Amino acid sequence: MTKNNEHKNLNVPALRFPEFADKWEKGYFKDVCKITTGNKNTQDKDENGLYPFYVRSQNIERINSWTFDGEAILTAGDGVGVGKVFHYSIGKIGVHQRVYILSNFKCDGKYLYQYFSSRFYNRVKRMSAKNSVDSVRMEMIADMPLYLPSVGEQHKIGKLLALLDERISTQNKIIEKLQSLIKGLNDSLYKQYGNAITTSFSDLGHSYSGLSGKSSEDFGSGKPFITYLNVYSNSVVNENEYQYVRINDGEKQNIVQCGDVLFTLSSETPEEVGVASVYLGIDEVFLNSFCFGFHIDNKELAYPPYFSYYVSSTPFRKFIYPFAQGSTRFNLCKADFEKASIKLPSLNNQKHIYAILNSITGKIETEKNLLEYYTTQKQYLLRQMFI
């Protein structure tokens, strides 16, 4: 790769392969592909009675792989988003009239897909804003400028970025398999060792409420607090996802302590009530008002870090499910939940299980860091290798 510091004065990108030096040719989309609309009256509906590419349907999201042996799908606006590009390559598919089909490409398909990823969507959005419309007309796409290098350079750019896409896809699969492993192992170890201790949360410690007496003006600065989403999304509280709230001198608010188990109080579905996370930090931090905390006092029966895995296990989720009450929104019956009997492994086995599962968690974090590196690298190349 070579860096071109004078690319802004020439029709060339900032970064390109060293064997290419020619200027890129300016053209228009109507010169490199055929643009047509879908057919509102198509009979090719799926098993749910939906058009596979109906713009208002989330069903469009099922298109998740790229080969570019066929055609590209461009949304015209509305529910899915102006200018969002999807694609398909196999079979006959019905397309709604609010969706455009880009076909018969006269350039390298993989290159054009990467161009879609780098510049196309933002340019369509700017075009829509300039014309004060929330949709895209076919002639707007046809007259959109496009810079093209030689076929050889198109091929090399497309191939390089496609290889990086494959690596990102592989990295995602590695993470998914490790997450599946940790879930299966967690349930298996609990099934093998989880009947040693019969107790209840009320016997293990005490609960406390989240923030109280706060208005919208109190949020945005001050002391860190753990959000509902942080509890809901992480088995261990993510200390990089704190938000902030003003806590006045002398104000009485409960402070979360290391090892505390934090539970969501309500959700729109009973399956998502009582989702929990464990705080393992040392900072002075508070808890949002839509969750409650539980502090484990009895360290002879319970090892707090183990609960980061216990509360996400299948047996625990089945245990807590009946305590969700409601009709349109479900709330956790906290008093009954705390009194109900639970079963735990012995204290030593809790520590051993935690050590095993935490080592896999560390591996997952390493793989996620690699994924972030590859994704950042891809975004850099997309910015630098196109005009």
Side-chain angles (χ1 to χ4, degrees), residues 175-205 207 226 228-238 256 258-267 269-281 291-325 330-334 336-365 367-368:
I175 294 170
E176 289 171 3
K177 288 183 177 180
L178 286 171
Q179 290 171 333
S180 178
L181 171 64
I182 204 170
K183 177 175 175 53
L185 192 56
N186 186 19
D187 289 349
S188 177
L189 290 171
Y190 181 82
K191 183 178 181 180
Q192 187 173 356
Y193 300 106
N195 291 320
I197 298 172
T198 300
T199 184
S200 67
F201 275 93
S202 59
D203 290 335
L204 290 176
S207 62
I226 301 165
Y228 181 99
L229 187 60
N230 198 337
V231 174
Y232 183 84
S233 303
N234 304 296
S235 58
V236 174
V237 170
N238 188 333
V256 182
C258 181
D260 286 0
V261 188
L262 314 176
F263 293 91
T264 62
L265 275 168
S266 66
S267 182
T269 62
E271 296 86 356
E272 296 178 344
V273 170
V275 174
S277 181
V278 175
Y279 176 63
L280 296 178
C291 294
F292 73 93
F294 189 88
H295 182 72
I296 297 175
D297 298 306
N298 192 341
K299 302 298 196 302
E300 295 181 357
L301 292 182
Y303 180 58
Y306 166 70
F307 276 68
S308 62
Y309 297 106
Y310 171 65
V311 295
S312 62
S313 67
T314 300
F316 181 80
R317 294 308 307 158
K318 289 181 178 179
F319 159 76
I320 203 171
Y321 177 82
F323 299 105
Q325 299 179 350
F330 298 85
N331 298 286
L332 181 67
C333 183
K334 190 162 75 73
D336 292 343
F337 158 69
E338 291 183 19
K339 293 176 183 177
S341 294
I342 60 172
K343 293 183 180 296
L344 295 172
S346 68
L347 185 64
N348 283 337
N349 279 333
Q350 289 179 46
K351 293 178 179 179
H352 289 318
I353 293 171
Y354 174 77
I356 292 169
L357 299 179
N358 194 51
S359 66
I360 302 174
T361 298
K363 174 65 173 173
I364 292 173
E365 290 306 310
E367 299 299 338
K368 284 183 176 179

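None of these values were measured; they are calculated from a predicted model.
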Rounded to the nearest 0.5 Å, the CD atom of E367 sits from the CD atom of Q179 at a distance of 11.0 Å

Mind checking whether K183 and T314 have side chains closer than 4.5 Å, heavy atoms only? yes

State whether the number of non-hydrogen atoms from other residues, nucleotides or ligands found under 6.0 Å of K191 atom NZ is greater than 12. no

If I take atom OH from residue Y193 and atom CD from residue Q350, how far apart are they, to the nearest 0.5 angstrom? 14.0 Å

Start with the C-alpha gap between Y309 and I182, add the side-chain angles, then the distance that decides, and say whether side chain to side chain contact (heavy atoms under 4.5 Å, CB included) holds. CA-CA 9 Å; Y309 297 106; I182 204 170; 3.8 Å; yes

Rounded to the nearest 0.5 Å, what separation is found between the CD1 atom of I175 and the CD atom of E365? 9.0 Å

Parallel, tilted or perpendicular for F337 and F319, by the 30°/60° rule? tilted

Using every non-hydrogen atom in the two residues, find where I197 and P345 come nearest and quote the distance to one decimal. CD1-O, 3.4 Å

Looking only at atom types and distance, does a side-chain atom of S188 sit under 3.5 Å from a main-chain N or O of G184, one as donor and one as acceptor? no

Where is the tightest heavy-atom contact between K343 and N195, given as atom of each residue plus distance? CD-OD1, 3.1 Å

Qualifying residue for side chain to side chain contact (heavy atoms under 4.5 Å, CB included) with V236, from L280, T361, N358: L280

Just wondering, more than 12 heavy atoms not from K363 lying within 6.0 Å of its NZ? no

Result for ring-ring contact (aromatic ring centres under 6.0 Å, His included) between F263 and one of F294, F201, Y228 points to F201

Go through it in stages, so that I can follow the logic: the residues are Y306 and K351, the test is side chain to side chain contact (heavy atoms under 4.5 Å, CB included), and I'd like the CA-CA distance, side-chain angles, deciding distance and then a yes or no. CA-CA 7 Å; Y306 166 70; K351 293 178 179 179; over 6 Å; no

Could you tell me which non-hydrogen atom of L347 sits nearest to which non-hydrogen atom of L301, and how far apart they are? CD1-C, 4.1 Å

What's the spacing between N234 CG and L262 CG if we round to 0.5 Å? 11.0 Å

Is any side-chain heavy atom of S308 closer than 4.5 Å to one of Y354? yes

State, to 0.1 Å, how close K339 and S202 come at their nearest heavy-atom pair, and which atoms those are. CA-OG, 4.0 Å

Student check: side-chain heavy atoms of D260 and H295 closer than 4.5 Å: yes

Do D203 and N298 have side chains that get closer than 4.5 Å, going by heavy atoms? no

What are the two closest non-hydrogen atoms of S207 and E338, and how far apart are they? OG-OE2, 2.8 Å

Between L332 and T264 the two heavy atoms that sit nearest each other are CD2-O, 4.3 Å

